[in-house]
Amino acid sequence: MSAGDLEHQLEALHGTSFGWALACCRWNRDEAADVLQAVYLKVLEGKARFDGRSSLRTWLFAVIRRTAAEHRRRRWVRALAMDRWMARRPASSAAGDPEAGLAGGETVRALRTALEALPRRQREVIHLVFSEELTIADAASVLGIGVGSARTHYERAKHRLRQELAARGPRSR
Amino acid sequence: MSHHDEDLRHRFTALREEAAREAPEFDGLWRQAAAARGRRRRIPLGTWLALAGAAGALLYAAVRRDAPSALPVETVTMPMLGQWRSPTAFLLRTPGEELLTTVPSLGSAPSLSVLSSFPERRPPS
């Protein structure tokens, strides 16, 4: 695949890539944009290369997830190195409150809040399957886990999400 | 698909549409990434030059330390091999060794004087 082709395909996937980056950054819009820019930089520098072993989207989502984890780690180390209170204040305000990062309707906000109550792995699997419409096998590939494990996370996530949404009242659309 | 799954799908669709609306423009992010790539390329050049300078300075210092000093070297005179005598050669000298190295003359008794010439066993000074 030529560089131009890759750029066009990345552009076509940009919206959905940003959605996944948002989910990986706990709905922090600025951080998600930084992560996505870092992903594009990796692609330009050849640090992330698509080898065709999976679909482009699966590969791209795996790169986004890894880059978001690197950002998280770097921020954590920086927070340790600097004054903890000063460093944590802006990060916790955005990452801890899923309703603060983005605007959005009541339905979306309720879903985001409910998703925040899920363990990370469950949140990732259910987001990939329902929002990005990946198969469980593709979601497992993105997360680097087995299909059986992904299926278990998926079932548990659905059950837990149902409980969380029910606890927050009837569906409002 | 159950009713609950259908409900979740609707919710996630709304989430996805909202994220797509909030997404920054692809061109902007791509251009920023390309600019960042250019900056990263320039930084290593300066870094490499600094590293090469430091390595050169270290190498120069190491060579200077290992080089022979300019002080005059003390000259040692080596003796000729033919003139060399072992310090313990005197131990090999035995009493009456002249009798073994000279031819006796007929009709005369051997001189006893040779026996008096017992070598003094003392290392040469």
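Keep in mind the model is a prediction, meaning the values are calculated, not measured. Here is how names work: the chains are called A, B, and so on, in the same order as the sequence lines, proteins then strands, and each is numbered from 1.
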(request) Would you give the length of the straight line joining atom CG of A/Leu41 to atom CH2 of B/Trp30, rounded to the nearest 0.5 angstrom? (result) 9.5 Å

(message) Which atoms of A/Leu10 are under 4.5 Å from chain B, going by heavy atoms: the side chain, the backbone, both sets, or neither?
(response) both

(request) Rounded to the nearest 0.5 Å, what's the gap from CG on B/Asp7 to CZ on A/Arg162? Could you check? (result) 10.0 Å

(message) For the CZ atom on A/Arg156, are there more than 12 heavy atoms of other groups (residues, nucleotides or ligands in this structure) within a distance under 6.0 Å?
(response) no

(message) For the CZ atom of B/Arg11 and the CZ atom of A/Arg112, what is their distance to the nearest 0.5 Å?
(response) 13.0 Å

(message) If you count heavy-atom pairs within less than 4.5 Å of chain B, which of A/Val43, A/Leu115, A/Thr16 leads?
(response) A/Leu115

(request) Could you walk me through whether A/Thr107 and B/His10 pass the side chain to side chain contact (heavy atoms under 4.5 Å, CB included) test, one step at a time? (result) CA-CA 9 Å; A/Thr107 309; B/His10 281 299; over 6 Å; no

(message) Taking the side chain as everything from C-beta on, heavy atoms only, tell me whether A/Leu22 gets closer than 4.5 Å to B/Leu15.
(response) no

(request) Look up atom CH2 in A/Trp27 and atom CD in B/Glu18, then write down how far apart they are to the nearest 0.5 Å. (result) 9.5 Å

(message) If I measure from the heavy atoms of chain B, does A/Val129 come under 4.5 Å with its side chain, its backbone, both, or neither?
(response) backbone

(request) Please say whether more than 12 non-hydrogen atoms of neighbouring residues, nucleotides or ligands are located less than 6.0 Å from CZ in A/Arg121. (result) yes

(request) Please report the shortest heavy-atom distance between B/Ala19 and A/Phe18, naming the atom on each side. (result) O-CD2, 3.4 Å

(request) Determine, step by step, whether B/Arg16 and A/Phe130 satisfy the side chain to side chain contact (heavy atoms under 4.5 Å, CB included) criterion, reporting the C-alpha distance in whole Å, the side-chain angles of both residues, the deciding distance to 0.1 Å, and the verdict. (result) CA-CA 9 Å; B/Arg16 187 177 61 228; A/Phe130 275 98; over 6 Å; no

(message) Taking side chain as everything from C-beta outward and backbone as N, CA, C, O, which of these in B/Glu25 sits under 4.5 Å from a heavy atom of chain A? Side chain, backbone, both or neither.
(response) backbone

(request) Looking only at non-hydrogen atoms, find the nearest pair between B/Asp27 and A/Glu11 and report the distance. (result) OD1-OE2, 4.1 Å

(message) Taking A/Leu80 as the starting point, is it possible to reach A/Val77 by hopping between hydrophobic residues whose side chains are less than 4.5 Å apart?
(response) yes

(request) Using the test side chain to side chain donor-acceptor pair (under 3.5 Å), find all partners of B/Arg85 that sit at least two apart in sequence or belong to another chain. (result) none

(request) For A/Arg74, look at atom CZ and say whether over 12 heavy atoms of other residues, nucleotides or ligands are found less than 6.0 Å away. (result) yes

(message) To check you understand the geometry: which heavy-atom pair defines the closest contact between A/Ser131 and B/Phe12, and what is its length?
(response) CB-CD2, 3.6 Å

(message) Checking the side chain of A/His14 only, and the main-chain atoms of B/Pro24 only, is there a donor and an acceptor separated by less than 3.5 Å?
(response) yes

